[in-house]
Structures are given as structure tokens and as C-alpha cells.
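Not measured: the values here are computed from a predicted model. Order of the sequence lines fixes the chain letters, A, B, ..., with proteins taken first and strands second; residue numbering starts at 1 for each chain.
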2 protein chains.
Amino acid sequence: MKFIIRNRSILLYGASLAVLLLIMKWLEWRLVVLDHAFELYAGAIALMFMALGIWLSRKLTQPKTNTIIVEKEVVVEAGDFILNEAELSRLGLTSREMEVLQSIADGLSNQQIAERLFLSLNTIKTHSSKLFEKLEVQRRTQAVEKARKLKIIP
Amino acid sequence: MKFIIRNRSILLYGASLAVLLLIMKWLEWRLVVLDHAFELYAGAIALMFMALGIWLSRKLTQPKTNTIIVEKEVVVEAGDFILNEAELSRLGLTSREMEVLQSIADGLSNQQIAERLFLSLNTIKTHSSKLFEKLEVQRRTQAVEKARKLKIIP
DNA sequence: ATTAAATTCATACTAAAGTATGAGGCAAAA
DNA sequence: TTTTGCCTCATACTTTAGTATGAATTTAAT
């Protein structure tokens, strides 16, 4: 059953050939009687096979694919941060100061920063104080603001 | 000239018909000589017209278009800030709280905010306290961080 | 090896931030 | 009209942030 479904096209083709041969034989017999019906016969064959060709072509050729490219806008989140290395080196921030700055920007308290970096609260205070000096600010919020403006942090 | 190009298919069709008729006539003459070459003749016609049918079908049928949509990512400059009004209304921040939040994000101290908005320091403290409650944060730096994440402030 | 910068931490202090609570005024909604 | 939410401000208090100073240790460079 599956074989029939899968090879339907080929079976149909065979069947049409068989039918056509029958018609041909019949026409052949007619040809003996009617002497000049030959052109009609040839035309019939031509027509049928052309039809068969068209049908085959339609069935067997894979459909043409028109590839349509649709541009879809995708907002890329926060991909535009480029570290301003010039400013960073100009300010002369040390690595620890940068870590503290980043943690401050993340909204952590000095105590939390100390825990995160395994340091004492006083050390964090020292670092942040020096950081503020270098950034020429008075408060952590200002530091974050300025650092963001200078493209030192995202 | 344009006519030729545009109706090339039809002209080709006509030409092949003419050629075929010539071949047929020639074969007809051959038939008188060779008596039983009839089946071969019919087969030739069948073959040719089937080929013609296939060719015609390919040329003349409009292509079946399988539209393949290819999504192309277009990077949109994420530089412009779009206020997340849904979040803003969900949080229920009052206008004063928003002003204070903005000032905090600008790196101002409570005292400076009070001066900017012509209010007392205590009022600013009250506003910021309520603001922190609504934003579910403990510190002003956290408030700025969260507000930025929620697209409430640029 | 010596210098210089960076890191760590401490103490002591001041300043600012944040919490809790209450209260008066005001405008819009029920 | 009463209620409700917002704005304002105050007092009192706790917590966190920030400054100043000094010192020991580590690390990198001269």
C-alpha cells in the first residue's frame, strides 16, 4: 500500500502508457479502414504526450523558491560600551580602585564590597576615598555618574 | 526586437512545430519505403512532444513561489533612551519621587537636592525613603542601578 | 638593592544617608 | 463632605559613607 502511494507518479505514468498503447492499436486498426486518418493519429499522440509531459513536469519538478529577505529590526541590548582606555590611564586608577568602582556602581554598600573582595571595611573606605580623589568627586553616586560619562564603566 | 524577446517562448514553440512537421513529412515518406517502421514513428512523436510538454511547462508556468523569510538582524543604535512607562506606572512613583530619583542619579547629595527643589533636607529624606521602598532597595546607588535597569531613567 | 607605588588595615572622627514616626496642608475623588 | 493620596516638614535616632592619618607589607621597576 505504501509502495503504491510512494510511487504513484510512476504507476500513473505506466498506466497512461498502457492506455495510450491500446488507443494506438485501436487507431492502427482504424487506419486500415480509413486510409488518410494518419495525420489525425499523429496529432493525437502528440497532444497526449505533450499533456503527459506537462503533467510530469508539474509533478516532478521541485517548486521554484523565491527567497525573500525580510529585515527584522532587533534591538541589541547594551552592545555599545567601549571602554575609554585613554581616560582610564589618564586618571591612573589602580585595579583595586576599579574593582571598588564597579562594585559601587552595582549598588553595593562598603560592607558588601568588603565581603565580595575579602577585605576589611576600612580598606574599602581607603580605596573609595582615593578613587573619589582621582575622579575629583565627593560621593559614590557622583563617582558612578562621572565614570559612566567617561565610559570607564558600562 | 522587443517583440521577439518578449514572445520568445511562443516563437520557439512555433519553430519547433514547424521542424516537427518537416520531420513528420520526412518520416511519412520513409514509411512508404519501410513498411513497418510505424511504431518507431509514433514513439518518436511521443517522445518529442513529451519533451516539448515538459519544456513548455517549465517555461510558461508561473513559478510556484515558496516564500522563504530570512530574518536579518539589524543593529539598532541602543543609544536613545525609551522610557519604560509600564514599569513606571506599575511602581507608582510620584512626580516628586521621580525628581528626587533623577537628582540622585545625577550624583547630588540630599542637601543639594533640597536646594535644587527648594525643599528641606528632611523632605528629601522622606521622598528618598519612600522611593527606596517602592523600588525595593536599601541605598541610593542601588536605586539608580535598578531604575536604570528598568529603563525609568536614562 | 633600593625606591616608588600599590595594597592592606587600623583608629578616630565628621558628614551624610537612611529609618521611624507623626503631623499639617491641599487637592481630587468617592 | 469625607476620604484618600500626595507633599511638606520636623524630631530623634541608627547606620553607612567619607576623611585624615599612620603604618606594615607586597610588588614592580630602576
Side-chain angles (χ1 to χ4, degrees), chain A residues 83-150 152-153, chain B residues 83-150 152-153:
Chain A
L83 201 146
N84 189 346
E85 304 203 40
E87 274 297 334
L88 220 173
S89 60
R90 192 183 66 79
L91 292 166
L93 298 186
T94 68
S95 57
R96 270 311 197 201
E97 283 159 4
M98 273 303 293
E99 285 178 297
V100 171
L101 172 59
Q102 188 57 66
S103 295
I104 287 173
D106 289 342
L108 301 186
S109 66
N110 286 343
Q111 187 57 57
Q112 287 172 317
I113 297 170
E115 282 159 18
R116 175 192 270 194
L117 302 180
F118 306 104
L119 300 172
S120 82
L121 174 61
N122 284 312
T123 306
I124 302 305
K125 283 185 177 183
T126 308
H127 285 318
S128 56
S129 261
K130 290 202 169 181
L131 174 66
F132 299 158
E133 269 181 42
K134 289 179 181 176
L135 285 174
E136 296 171 297
V137 297
Q138 284 75 47
R139 275 168 293 287
R140 43 176 60 234
T141 45
Q142 273 188 324
V144 172
E145 226 269 335
K146 187 152 188 177
R148 235 183 270 277
K149 201 175 279 175
L150 294 177
I152 288 169
I153 54 170
Chain B
L83 199 145
N84 187 346
E85 303 203 39
E87 274 297 334
L88 222 172
S89 59
R90 193 183 65 78
L91 291 166
L93 299 186
T94 68
S95 57
R96 271 309 198 202
E97 283 158 3
M98 273 303 294
E99 285 179 297
V100 171
L101 172 59
Q102 188 57 65
S103 296
I104 288 173
D106 289 344
L108 301 185
S109 67
N110 286 341
Q111 188 57 58
Q112 287 173 315
I113 297 169
E115 283 160 17
R116 176 194 271 193
L117 302 180
F118 305 106
L119 299 172
S120 83
L121 175 59
N122 285 311
T123 305
I124 303 303
K125 286 186 176 183
T126 308
H127 283 318
S128 56
S129 261
K130 290 203 168 185
L131 174 65
F132 299 157
E133 268 181 42
K134 287 178 181 177
L135 284 175
E136 295 171 298
V137 294
Q138 284 75 45
R139 275 168 294 285
R140 46 180 50 234
T141 44
Q142 275 190 323
V144 172
E145 228 274 276
K146 186 150 190 178
R148 236 184 269 277
K149 202 174 278 176
L150 295 178
I152 287 168
I153 53 170

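The backbone N or O of B:Gly92 sits less than 3.5 Å from a side-chain atom of B:Lys134, completing a donor-acceptor pair. Under a 3.5 Å cut-off, the side chain of B:Gln142 and the backbone N or O of B:Gln138 do form a donor-acceptor pair. No donor-acceptor distance shorter than 3.5 angstrom exists from the side chain of B:Glu97 to the backbone of B:Leu93, with no hydrogens or angles considered.
One interatomic measurement links the two molecules: CD of B:Glu97 to C1' of C:dG18, which rounds to 15 Å at whole-angstrom precision. To the nearest angstrom, P of C:dT7 lies 8 Å from NZ of A:Lys134. Distance, A:Gln138 CD to C:dT14 C1': 15 Å, rounded to whole Å. Protein atom CG of A:Leu119 is 13 Å distant from nucleotide atom C1' of C:dA6, rounded to whole Å. Between B:Gln111 atom CD and C:dA15 atom P the separation is 13 Å, expressed in whole Å. C:dC9 atom P lies 13 Å from atom CD of A:Glu115, rounded to whole Å. Atom CD1 of A:Ile113 and atom C1' of D:dT16 are 12 Å apart (whole Å). Atom pair A:Asn110:CG and C:dC9:P shows a separation of 14 Å (rounding to whole Å applied).
Nearest nucleotide to the side chain of A:Ser109, out of D:dA17, D:dC7, C:dA16: D:dA17. Ranking D:dT8, C:dT8, D:dG18 by closeness to the A:Arg139 side chain, first place goes to D:dG18.
For the pair A:Arg116/A:Asp106, a side-chain contact is recorded, criterion being any heavy-atom separation below 4.5 Å from C-beta on. You'll find the side chain of A:Glu136 reaches within 4.5 Å of the side chain of A:Lys146, heavy atoms only.
Contacts with DNA chain D (heavy atom under 4.0 Å) in residues 120-133 of chain B: B:Ser120, B:Asn122, B:Thr123, B:Thr126, B:His127, listed by number.
Regarding contacts with the backbone of D:dT8, a side-chain N or O of B:Arg96 is found under 4.0 angstrom from either OP1 or OP2. For the OP1/OP2 pair of D:dC7 and a distance below 4.0 Å, the side-chain nitrogens and oxygens of B:Ser95 include at least one atom meeting the criterion.
Screening A:Val100, A:Leu101, A:Asn122, A:Ile113 against A:His127 for a side chain to side chain contact (heavy atoms under 4.5 Å, CB included) leaves a single residue, A:Val100.
Annotation for B:Lys130: atom NZ does not count as buried by contact number, only 12 or fewer foreign heavy atoms lying within 6.0 Å.
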